[in-house]
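What follows is a set of notes on a single structure, which appears directly below.
To find a chain, count down the sequence lines: A is the first, B the second, and so on, and within it residues start at 1.
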Amino acid sequence: MSFSVATWNINSVRLRIDLVRRFLAEARPDALCLQETKCPDALFPENAFREAGYPFIAIAGEKGYNGVAIVSRRPLSRIDRHLFCDRGDCRHIAAEMPTRTGPVMLHNFYVPAGGDEPDRERNWKFGHKLDFIEEMRRQAARYTEPGSILVGDLNIAPLETDVWSHKQLLKVVSHTPVETEGLLRLQAEGGWVDVMRRFVPPEEKLFTWWSYRSPNWEASDRGRRLDHVWATPDLGARAVSVKVLKEARSWERPSDHVPVIAAFSEE
DNA sequence: ATGACGGATCTAATCCGA
C-alpha cells in the first residue's frame, strides 16, 4: 500500500481543466497540488474535481495571477495559509491528509519567478524572490515537523543537472548562484530529502519545465527542474517512486510545466 | 540566444511568466 502526491504548475486551472481531468483519471494521485491557478476562489472549478473523485479541496486563489490549490481523494484538515514578504499574494497553502502510517502535512508553494534581471537593486522582483526563500528558511520550523511533504514550483533549478546548460544559465534567473545556494541552504537546514533525486541520480539531467518559446522544445530539450518534491526524513525513507510526466508537455494546449508524482509506502 | 509563446485582463495592448 502506498499513497501518492502530485505537483503541477497548471498555468490557469480553468483554461486547462480538461487536462487536469485527464491527468487525474490516468495518474490517480491521492492529492494534487496546483500552482498558478489564476483563479479567484469563487470561480474555482470545484465540480470538475468532485466529479473526478477529488471532493476535498483547499484553495487560495486570486484574479489573474499566482494561486495555489490542493485537491484530494482523502479528507483534508488543518488547512492553513502562510503569507510571505508581507504580501497578500497566494503562494502557499497547507493541509493535512490521513495515511495508514499517520497524518501527512502537505505544503504547496509557488515561489516568485523573480523577473528578468538577477539584481535586487535594479529589479525588485528578484529581491522579492530572494526574500521569499529567506523567509521560508527562517520559518523552517513551521514546515519541517516529521510527516511533512513540501512540493511546488520553487522556480529555482538548484543542481547543475537541473538545467540544460549550467554554464549558459549561471546568469539567468532560476539558476544564479545566489538562488541555488539559498535554496540548497534552505533544503539542508530543514533536513529535507530531495525526493526526486533519490530516484534520478544528480549526474543525470532532470527537467520539469520547457519554455513555450521553443517551438522544438522536445528536440532542443532546453529544460529546467523548477518543480520539486521534498520530504522530511521519516517520509523520505518511505518514498517508493517518482515520475515526471514529460508526455504532458505534448498534450494539446499544455502548461509549460509537467506534473511530478511521488509515491510513499504506507505499510 | 534566451525568447521565437502563451495567459489574463477594464478586448487591446500590456503585464507577466522563467
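In this structure, A:Lys129 reaches neither bases nor backbone, as no heavy-atom distance under 4.0 Å exists between it and the strands shown. Contact annotation for A:Arg253: backbone-only contact, meaning every heavy-atom pair under 4.0 Å involves sugar-phosphate atoms and none involves a base. Among the protein residues, A:Asn9 comes within range of the sugar-phosphate backbone only, with heavy atoms under 4.0 Å from sugar or phosphate atoms but none that close to a base. A:Asp256 comes within 4.0 angstrom of nothing in the nucleic acid, heavy atoms only. Looking at heavy-atom distances under 4.0 Å, A:His257 makes contact with sugar-phosphate atoms alone, never a base. The residue A:Tyr110 sits close only to the backbone: its heavy atoms come under 4.0 Å of sugar-phosphate atoms, none of a base.
Per the geometry, CH2 belonging to A:Trp210 stands 18 Å off C1' belonging to B:dG3, to the nearest Å. A:Arg222 has its CZ atom 8 Å from the P atom of B:dT2, to the nearest Å. Between the P atom of B:dG17 and the CG atom of A:Asp153 lies a distance of 11 Å, rounded to the nearest Å. Across the protein-nucleic acid pair, A:Glu179 atom CD and B:dA18 atom C1' stand 10 Å apart, rounded to whole Å. When the P atom of B:dA18 is taken as reference, atom CD1 of A:Ile156 falls 12 Å away, rounded to whole Å. Look at OH on A:Tyr65: it is 16 Å from C1' on B:dA18, rounded to the nearest Å. If you take CG of A:Asp221 and P of B:dT2, they are 16 Å apart, rounded to a whole angstrom. We find that CD of A:Glu62 is positioned 12 Å from C1' of B:dC16, with the value rounded to whole Å.
Between B:dA4 and B:dC10, the two C1' atoms lie 29 Å apart (nearest whole Å). Taking atom P in both B:dG7 and B:dA18, one finds a spacing of 14 Å when rounded to whole Å. Distance check on atom P: B:dG6 versus B:dA12 gives 22 Å, rounded to whole Å. Separation of the P atoms belonging to B:dG17 and B:dG3 is 16 Å when rounded to the nearest angstrom.
Distances from the side chain of A:Tyr212 to the nucleotides B:dG17, B:dT2, B:dA8 place B:dG17 closest. Nearest nucleotide to the side chain of A:Leu15, out of B:dT2, B:dA18, B:dG7: B:dG7. In the set B:dT9, B:dA18, B:dG7, the nucleotide with an atom closest to the side chain of A:Arg16 is B:dG7. Ranking B:dG7, B:dT9, B:dT2 by closeness to the A:Ser12 side chain, first place goes to B:dG7. Listed candidates were B:dG17, B:dA4, B:dA8. Nearest to the side chain of A:Pro215 is B:dA4. Closest to the side chain of A:Lys63, out of B:dC10, B:dG3, B:dG17, is B:dC10. Which of B:dT2, B:dC16, B:dA18 sits closest to the side chain of A:Lys125 comes down to B:dC16.
For the residue pair A:Glu145 and A:Ser148, no side-chain donor N or O sits within less than 3.5 Å of a side-chain acceptor on the partner.
The side-chain hydrogen bond (donor to acceptor under 3.5 Å, both in side chains) analysis of residues 68-78 of chain A, with sequence neighbours excluded, yields the pairs A:Asp30-A:Arg74, A:Arg74-A:Glu266, A:Arg78-A:Glu96.
Position along DNA chain B of the nearest nucleotide to A:Val13 versus A:Ala113 favours A:Val13 as the more 5'-ward residue. Nearest-nucleotide positions on DNA chain B place A:Leu169 closer to the 5' end than the other of A:Ser174 and A:Leu169.
Put simply, A:Asn11 has no side-chain N or O that comes within less than 4.0 Å of OP1 or OP2 on B:dG7.
Under 4.0 Å is where a charged nitrogen must lie from a carboxylate oxygen, and between A:Asp18 and A:Arg253 no such pair does.
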Can you give me every donor-acceptor pair (side chain of residues 151-170 of chain A, partner residue at least two apart or in another chain, under 3.5 Å) with its distance?
unit_1, atom_1, unit_2, atom_2, d
A:Asp153, OD1, A:Asn155, N, 3.0
A:Asp153, OD2, A:Asn9, ND2, 2.9
A:Asn155, ND2, A:Val111, O, 2.8
A:Thr161, OG1, A:Arg197, NH2, 3.0
A:Thr161, OG1, A:Pro202, O, 2.6
A:Asp162, OD1, A:Arg197, NH2, 2.7
A:Asp162, OD1, A:Arg225, NE, 2.8
A:Asp162, OD2, A:Leu159, N, 2.8
A:Asp162, OD2, A:Arg225, NE, 3.4
A:Asp162, OD2, A:Arg225, NH2, 3.1
A:Ser165, OG, A:Gln168, N, 3.1
A:Ser165, OG, A:Gln168, OE1, 3.3
A:His166, ND1, A:His175, NE2, 2.8

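The 12-atom threshold is exceeded at CG of A:Asn216, counting heavy atoms of other residues, nucleotides or ligands nearer than 6.0 Å.
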For side-chain hydrogen bond (donor to acceptor under 3.5 Å, both in side chains), just list the numbers for A:Glu179 and A:Ser174, CA-CA rounded to whole Å, side-chain angles, deciding distance to a tenth of an Å, and then say yes or no.
-> CA-CA 7 Å; A:Glu179 293 172 88; A:Ser174 74; 5.7 Å; no
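Counting only heavy atoms from C-beta outward, the side chains of A:Pro29 and A:Phe23 approach each other to under 4.5 Å.
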